[in-house]
Amino acid sequence: MEQLEPTLAAIAAADTIEAVEALRVSALGKQGWVSTLLKSLGGMSPEERTSTGPRIHAAREAVTAALGERRNALESAALEAKLAAETADLSLPAPAAPRGSVHPVSQVMDELAEIFADMGFAVATGPEIEDDWHNFTALNMPETHPARAMHDTFYFPDKDAEGRSMLLRTHTSPVQIRSMLSQGAPLRVIAPGRVYRSDSDATHTPMFHQIEGLVIDKGIHLGHLKWTLETFLKAFFEREDIVLRLRPSYFPFTEPSVEVDVGYTLINGKRVVGGSGDAANGGWMEVLGSGMVNRKVIEFGGLDPDEWQGFAFGTGVDRLAMLKYGMDDLRAFFDGDVRWLANYGFGALDVPTLSGGVGVRA
Ligand code: DAH
């Protein structure tokens, strides 16, 4: 056992983890001296074994303990050295503006979800690749309906398993049908999302965003519609002087249908939402399509129109964003230009809340 003292001394002097490991192998490894001694126990007489055995085991334990202790000491020294080398220099300047921003369309959709959630609306979704039954037929636009031609629809070459033509949805209105069929009544949903039309100029892009609203309940009338839209627009534009004008209109899926104008005021030649459109420096602009849900649409949604009534509305999210935040070219929304995003984007912490203000920029 003459190896024990020199081994313990070597372990205490080892100054790297690798050196400790080499010493472990030389003592406790398969060919190590402790292991060799342990193996020799087998060839000993019982008396010899009784006297030598415990000493060998004690040596093994002493070596194991010394190795563990040295390894711990070296590891914590290494950690301290690392921490000392990595201290943050608090005198360094703060980083420049944070990178990346939330797109105004995402921000406005979050604002809308927040405003409507407060009025008891849930968010519903539907597929962007839609069939013509949900997109048109069930919304009271049979195959021969002229409104179909007005939608500049992107069709797919193949039909689905049920023989329906497939298309990129031209509006979010098919989510009305999907929501009624899957959830029944009563119902209060909004459905924001992408829609597609073959159309492109300064105010039209082939892909844009809409938001749909649908309320189905008993005894619903136009007064509920007007109150809901007024409350929504006041919360969205964050001003009380929002004046609405409901104009008779036509949509196949509503009866009666109304187009909703909001009063604006001219400020430095720019239209700013608010004030009566009849004021000397004001006017009206259309912001929403809406109406009482057509009986046929309620039937296509699997509900009895004698029992259930409702109202619906739809509008462009991009347009709402432009009106609120002052951009004037829709195409820039989808160019992915970082300078535009840096200017019009929102910080990740600008989460819209009704209590904090749905449109406050940090
Ligand atoms: N779907 C219509 C469009 O894309 C917008 C619309 C009008 C939606 C009236 C509605 C509504 O829900 O009631 O132009």
Side-chain angles (χ1 to χ4, degrees), residues 112 116 119 121-128 130 132-142 145-154 167-181 187-199 203-217 220-230 232-233 244-262 285-298 300-301 303 305 308-320 330:
L112 297 171
F116 280 104
M119 291 194 268
F121 287 68
V123 172
T125 55
E128 290 169 32
E130 192 48 287
D132 71 341
W133 186 83
H134 287 92
N135 195 81
F136 292 126
T137 312
L139 289 163
N140 193 31
M141 282 181 269
H145 201 286
R148 284 203 184 201
M150 284 161 50
H151 274 218
D152 303 309
T153 313
F154 288 112
L167 46 80
L168 290 175
R169 69 177 180 189
T170 58
H171 52 177
T172 43
S173 302
V175 185
Q176 290 189 29
I177 304 297
R178 291 185 175 275
S179 300
M180 280 189 273
L181 288 174
L187 194 63
R188 254 186 255 182
V189 289
I190 54 165
R194 295 190 175 120
V195 301
Y196 302 83
R197 291 186 201 176
S198 177
D199 203 353
T203 52
H204 297 88
T205 48
M207 186 281 299
F208 57 106
H209 299 85
Q210 284 190 338
I211 182 165
E212 195 79 13
L214 174 68
V215 169
I216 300 283
D217 213 319
I220 295 292
H221 55 72
L222 265 181
H224 296 123
L225 168 64
K226 189 176 183 200
W227 179 87
T228 303
L229 296 182
E230 204 170 86
F232 148 52
L233 291 170
L244 297 191
R245 187 174 75 172
L246 269 52
R247 260 182 308 111
S249 182
Y250 173 76
F251 300 104
F253 27 91
T254 44
E255 184 60 40
S257 302
V258 289
E259 263 166 338
V260 181
D261 297 342
V262 65
M285 67 176 132
E286 187 201 320
V287 286
L288 288 138
S290 65
M292 302 306 296
V293 182
N294 193 304
R295 290 176 61 89
K296 290 192 196 154
V297 173
I298 292 184
F300 277 120
L303 300 170
W308 300 102
Q309 301 78 45
F311 65 79
F313 55 89
T315 188
V317 174
D318 316 287
R319 192 140 165 276
L320 286 178
L330 176 66

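Just so it is clear, the model here is predicted, and its values are computed rather than measured. Just so you know, residue 1 is the first one in the sequence shown, and it goes up from there. Counting starts at 1 for both ligands and their atoms, following the listed order. These values consider heavy atoms only, across backbone and side chains, with no hydrogens, waters or symmetry-generated copies.
- Between Phe311 and ligand 1 there is no heavy-atom distance shorter than 4.0 Å.
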Pair Arg169-Val175, side chain to side chain contact (heavy atoms under 4.5 Å, CB included): steps then yes or no: CA-CA 10 Å; Arg169 69 177 180 189; Val175 185; 3.7 Å; yes

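- Those atoms of ligand 1 with a heavy atom of Gly289 less than 4.0 angstrom away are 7 (C), 9 (C), 11 (C).
- Taking a cut-off of under 4.0 Å to the non-hydrogen atoms of Ala312, the atoms of ligand 1 that pass are 12 (O), 13 (O).
- Less than 4.0 angstrom separates some heavy atom of Gln176 from each of these atoms of ligand 1: 12 (O).
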Steps toward side chain to side chain contact (heavy atoms under 4.5 Å, CB included) verdict (Arg247, Asp261): CA-CA 8 Å; Arg247 260 182 308 111; Asp261 297 342; 2.7 Å; yes

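- Distance alone, capped at 3.5 Å, is enough to place a donor-acceptor pair between the Thr315 side chain and the Val287 backbone.
- Considering only non-hydrogen protein atoms, atom 2 (C) of ligand 1 sits nearest to Phe253 CZ, 3.8 Å.
- The backbone N or O of Arg197 lies less than 3.5 Å from no partner atom in the side chain of Asp152, so there is not a single donor-acceptor pair.
- Distances between N or O atoms of Phe313 and those of ligand 1 include at least one value under 3.5 Å.
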Side chain to side chain contact (heavy atoms under 4.5 Å, CB included) between Val258 and Lys226, worked out: CA-CA 10 Å; Val258 289; Lys226 189 176 183 200; over 6 Å; no

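- The ligand atoms of ligand 1 that sit less than 4.0 angstrom from a heavy atom of Ser173 are 1 (N), 8 (C).
- Under a 4.0 Å criterion applied to the non-hydrogen atoms of Gln210, ligand 1 contributes the atoms 3 (C), 4 (O).
- Judged by distance alone, with hydrogens and angles left aside, the side-chain atoms of Arg148 form a donor-acceptor pair with the main-chain N or O of Met141 at under 3.5 Å.
- Across Glu212, His171, Arg169, heavy-atom proximity to atom 8 (C) of ligand 1 is greatest for Glu212.
- Ligand 1 has no nitrogen or oxygen under 3.5 angstrom from a nitrogen or oxygen of Thr254.
- Those atoms of ligand 1 with a heavy atom of Arg197 less than 4.0 angstrom away are 3 (C), 4 (O), 14 (O).
- With hydrogens and angles disregarded, no donor-acceptor distance shorter than 3.5 Å links the side chain of His145 to the backbone of Pro142.
- Between the CZ atom in Arg188 and the CD1 atom in Ile220 there is a gap of 8.0 Å [rounded to 0.5 Å].
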